[in-house]
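Please read all numbers here as calculations on a predicted model, not as lab measurements.
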Amino acid sequence: MLDCVPEGHVEHTVGKINPAKTCQPIGAMYAALGIHACLPHSHGSQGCCAYHRMHLTRHFREQVLASSSSFTEGASVFGGASNLKTSIKNIFKIYNPDVIAIHTTCLSETIGDDVSTIIKQSEIPEGKVVIHTNTPSYVGSHITGFSNMCKSMVSYLAQADGETKKEQVNVIPGFTNPGDMREIRRIVSALGIKLIMFPDTSGVLDAPLTNKYQMYPDGGATVAEIRDSGNSELTIALGSFASNAAADLLQEKCGVTGIPLKLPIGLKATDDFIMALKDWFGVEIPRDLAVERGQVIDTLIDTHFHYQGKSVAIFGDPDHVIAMTEFAITMGLIPKYVLTGTPGKEFETIVQKMLDEAGITGSRVKAEGDLFELHEWIREEKVDLLIGTSYGKYIARKEDIPLVRFGFPILDRAVHPLMPVVGYRGCLRLIEQISDALLERRDRDALDEDFELIL
């Protein structure tokens, strides 16, 4: 793309060129899929719903189902109340979900549909639930949409039965893959703590292939579990951008103490997650987790010369990028460029503080940036490695830089959603990917006389 623009720095203050994000409804749809027997519903046109389903399907390589209010010219002018009431009635009659999770689109938001009132006026069968959130695409990003839907789960469903709290923890896992959610569940289970995790797409978007079709797979947080989250002692919000809003509302509404943490990506963030649970519930760290941590330390020592001092550009969703930047510093990498497409100046503050504490100077950090700008930075001064989504492959190809695929979406490789990057096991996987990418480049560029078997 930079071949088509003048030489030197190009200032673009209006709009985005090749955004490092996508729109709110995608995040809301993904969060809704983390409720058991839930059918996400897009209150807008069929085209919007089809795009959001397609994008999720391509990343997870699983069938993503959702319904639509199917706006036409009439609904676009006079409002979509009639369409939504008819949709709710038909969805329960034909598809019979336990929950319909409605998210809005640009069209219904611009019209100004009062979705909450429309739901109250709709025919909802006994025992069924309809929730909604507002997700205009021209505000925020898919992370904002995920956060808004999680907050609506608390608003509509969470309840506190009394002042006495149960000895259990809520974990809001952020916009993570099913493989990550499984790993978070495994860690909490290893500590012997009862867990309610919502949303939870494990068992939904990583369900096994069987000889029987299930429109609603076995996975996902049940309505009963989300309701019971109001009776928990503690909520841990993993990732401030995706999870804090729901945890804050749960504390305000039900009196459940909330602890905000980074996504447990990397050694320090995983330590913080496990220690927060240990300190609150007074449990012992099981030997298996201690062994896993020791393996990470050993691997970092064994492989540090592969990546020590290498410069890296990291981009993607803010919660992922913050945690990945921290782990990169732990590994001895130098984060040269750090960028997210999601708005929020606190991103820049958090990342810059980590860089300052590590004594790293001269780095560029930006929220609400785009990949055109990241490419410009790299063209001015190259880095040794690029870490981010599949959209980084164009920069990697043009500038001949190794790319480690990380985050959402990964559209050109398989298996990523099944393999965790959280926890100590995730640390090992990230070390392997980063080390392998740099060693592959070293092999590729080596002269015949320098081409070694052992590196």
Side-chain angles (χ1 to χ4, degrees), residues 1-3 9 18 20 265-268 296 299-317 320-340 351-352 354-366 369-407 410 412-413 416 421 426-455:
M1 186 180 289
L2 284 174
D3 293 337
H9 180 69
N18 200 7
I265 295 172
L267 187 64
K268 185 178 184 305
V296 174
T299 304
L300 287 169
I301 294 170
D302 291 343
T303 60
H304 74 277
F305 56 90
H306 297 162
Y307 40 75
Q308 179 74 33
K310 298 290 187 182
S311 60
V312 60
I314 306 171
F315 74 92
D317 299 338
H320 280 78
V321 171
I322 288 168
M324 187 68 241
T325 301
E326 183 178 68
F327 190 42
I329 293 170
T330 299
M331 293 176 67
L333 291 160
I334 301 173
K336 183 75 175 173
Y337 310 125
V338 184
L339 179 143
T340 184
V351 173
Q352 192 58 58
M354 290 192 295
L355 296 173
D356 291 342
E357 290 175 351
I360 298 171
T361 60
S363 298
R364 294 182 177 180
V365 182
K366 186 168 184 179
D370 57 45
L371 296 185
F372 182 91
E373 187 163 23
L374 178 62
H375 195 171
E376 264 201 318
W377 295 347
I378 291 173
R379 187 174 66 167
E380 291 171 14
E381 186 176 351
K382 275 194 176 182
V383 291
D384 298 305
L385 182 68
L386 183 62
I387 299 177
T389 71
S390 290
Y391 288 101
K393 69 189 294 184
Y394 299 99
I395 299 174
R397 179 185 178 96
K398 174 64 179 175
E399 304 302 331
D400 195 24
I401 301 169
L403 169 66
V404 171
R405 287 165 175 81
F406 169 78
I410 306 298
D412 60 337
R413 298 291 188 273
H416 277 261
V421 294
C427 288
L428 293 174
R429 180 167 181 251
L430 289 170
I431 295 169
E432 177 195 21
Q433 288 179 300
I434 290 168
S435 180
D436 284 356
L438 291 168
L439 291 178
E440 287 282 358
R441 173 51 50 90
R442 179 174 168 182
D443 275 344
R444 194 204 73 174
D445 293 344
L447 299 174
D448 287 347
E449 58 269 27
D450 297 326
F451 191 63
E452 298 288 349
L453 177 64
I454 301 170
L455 295 174

Engineer: For the side chain of Lys382 and the backbone of Glu399, is there at least one donor-acceptor N/O pair under 3.5 Å apart?
Structural biologist: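 Indeed, once roles are kept as given, a pair shorter than 3.5 Å links the two residues.
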
Engineer: Cys427 and Gly266: which non-hydrogen atoms are nearest, and at how many Å?
Structural biologist: SG-C, 3.3 Å

Engineer: How about OH on Tyr394, more than 12 heavy atoms from neighbouring residues, nucleotides or ligands closer than 6.0 Å, or not?
Structural biologist: no

Engineer: With Tyr307 as reference, evaluate Ile431, Leu439, Ile334, Leu385 under the side-chain contact (heavy atoms from CB on, under 4.5 Å) test and give the passing residue.
Structural biologist: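 Running side-chain contact (heavy atoms from CB on, under 4.5 Å) over Ile431, Leu439, Ile334, Leu385 with Tyr307 returns exactly one hit, Ile431.
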
Engineer: Do the side chains of Lys366 and Leu374 get nearer than 4.5 Å, heavy atoms only?
Structural biologist: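 No - every pair of side-chain heavy atoms lies 4.5 Å or more apart.
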
Engineer: Taking only residues two or more places apart in sequence, or in another chain, which ones meet Phe406 in a ring pair (Phe, Tyr, Trp, His ring centres under 6.0 Å)?
Structural biologist: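 Ring pair (Phe, Tyr, Trp, His ring centres under 6.0 Å) list for Phe406, sorted by chain: His320.
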
Engineer: How many angstroms lie between atom NE2 of His304 and atom OG1 of Thr330, to the nearest 0.5 angstrom?
Structural biologist: 14.5 Å

Engineer: Among Asp384, Ile387, Val338, find the one that has a side-chain contact (heavy atoms from CB on, under 4.5 Å) with Val312.
Structural biologist: Ile387

Engineer: Quick one: closest heavy-atom pair of Val296 and Leu267, and the distance?
Structural biologist: CG1-CD1, 4.0 Å

Engineer: Before accepting this row, confirm whether a basic side-chain N of the pair Glu380/Arg364 lies closer than 4.0 Å to the acidic partner's carboxylate O.
Structural biologist: yes

Engineer: Under the rule for ring pair (Phe, Tyr, Trp, His ring centres under 6.0 Å), what residues qualify as partners of Tyr337, not counting sequence neighbours?
Structural biologist: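 With sequence neighbours excluded, Tyr337 shows a ring pair (Phe, Tyr, Trp, His ring centres under 6.0 Å) to Trp377, given in chain and number order.
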
Engineer: Measuring from atom CG of Asp317 to atom CE of Met324, what distance do you get when rounded to the nearest 0.5 angstrom?
Structural biologist: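 Answer for the CG-CE pair, Asp317 versus Met324, is 14.0 Å.
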
Engineer: Is there side-chain contact between Val321 and Leu339, with at least one heavy-atom pair below 4.5 Å?
Structural biologist: no

Engineer: Not counting sequence neighbours, which residues clear side-chain contact (heavy atoms from CB on, under 4.5 Å) with Gln352? List them please.
Structural biologist: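 Expected list: Leu355, Asp356, Val365.
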
Engineer: Roughly how far, to the nearest 0.5 Å, is CE of Met354 from OG1 of Thr325?
Structural biologist: 5.0 Å

Engineer: Are Gln433 and Arg429 close enough that some pair of their side-chain heavy atoms sits under 4.5 Å apart?
Structural biologist: yes

Engineer: Report the distance from atom NZ of Lys310 to atom CE of Met331, rounding to the nearest 0.5 Å.
Structural biologist: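 Result: 12.5 Å between the selected atoms.
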
Engineer: Check side-chain contact (heavy atoms from CB on, under 4.5 Å) between Ser390 and all other residues, then give those that pass, not counting sequence neighbours.
Structural biologist: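 Residues passing side-chain contact (heavy atoms from CB on, under 4.5 Å) with Ser390: Arg405, Ile410, Leu411, Asp412.
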
Engineer: Taking salt bridge (Lys or Arg N to Asp or Glu O under 4.0 Å) as the definition, give me every residue that meets it alongside Glu381, ordered by chain and number, with sequence neighbours left out.
Structural biologist: Lys336

Engineer: Going by side-chain contact (heavy atoms from CB on, under 4.5 Å), name the residues that satisfy it together with Phe451, two or more places apart in sequence or in a different chain.
Structural biologist: Asp443, Ala446

Engineer: Indicate yes or no: at least one non-hydrogen side-chain atom of Ile378 is less than 4.5 angstrom from one of Leu386.
Structural biologist: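 Side chain of Ile378 against side chain of Leu386, heavy atoms only: contact under 4.5 Å found.
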
Engineer: Hey, what do you get for OG1 (Thr299) to CG (Leu428), rounding to the nearest 0.5 Å?
Structural biologist: 5.0 Å

Engineer: Do you know the tightest heavy-atom contact between Pro335 and Ala328?
Structural biologist: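 Minimum heavy-atom separation between Pro335 and Ala328: CG-CB, 4.3 Å.
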
Engineer: Going through the distances and angles, do Leu333 and Ile434 end up as a side-chain contact (heavy atoms from CB on, under 4.5 Å)?
Structural biologist: CA-CA 10 Å; Leu333 291 160; Ile434 290 168; 4.2 Å; yes

Engineer: Nearest 0.5 Å, please: how far is CD1 in Ile314 from CZ in Phe327?
Structural biologist: 11.0 Å

Engineer: Looking at Arg442, Glu440, Arg441, which one forms a side-chain contact (heavy atoms from CB on, under 4.5 Å) with Arg444?
Structural biologist: Arg441

Engineer: If you draw a 6.0 Å radius around CG in Leu447, do more than 12 non-hydrogen atoms from other residues or ligands fall strictly inside?
Structural biologist: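 For Leu447, atom CG is crowded (more than 12 foreign heavy atoms under 6.0 Å).
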
Engineer: Would you mind reporting whether His306 and Leu438 have side-chain heavy atoms less than 4.5 Å apart?
Structural biologist: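 Leu438 does not reach His306 side chain to side chain.
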
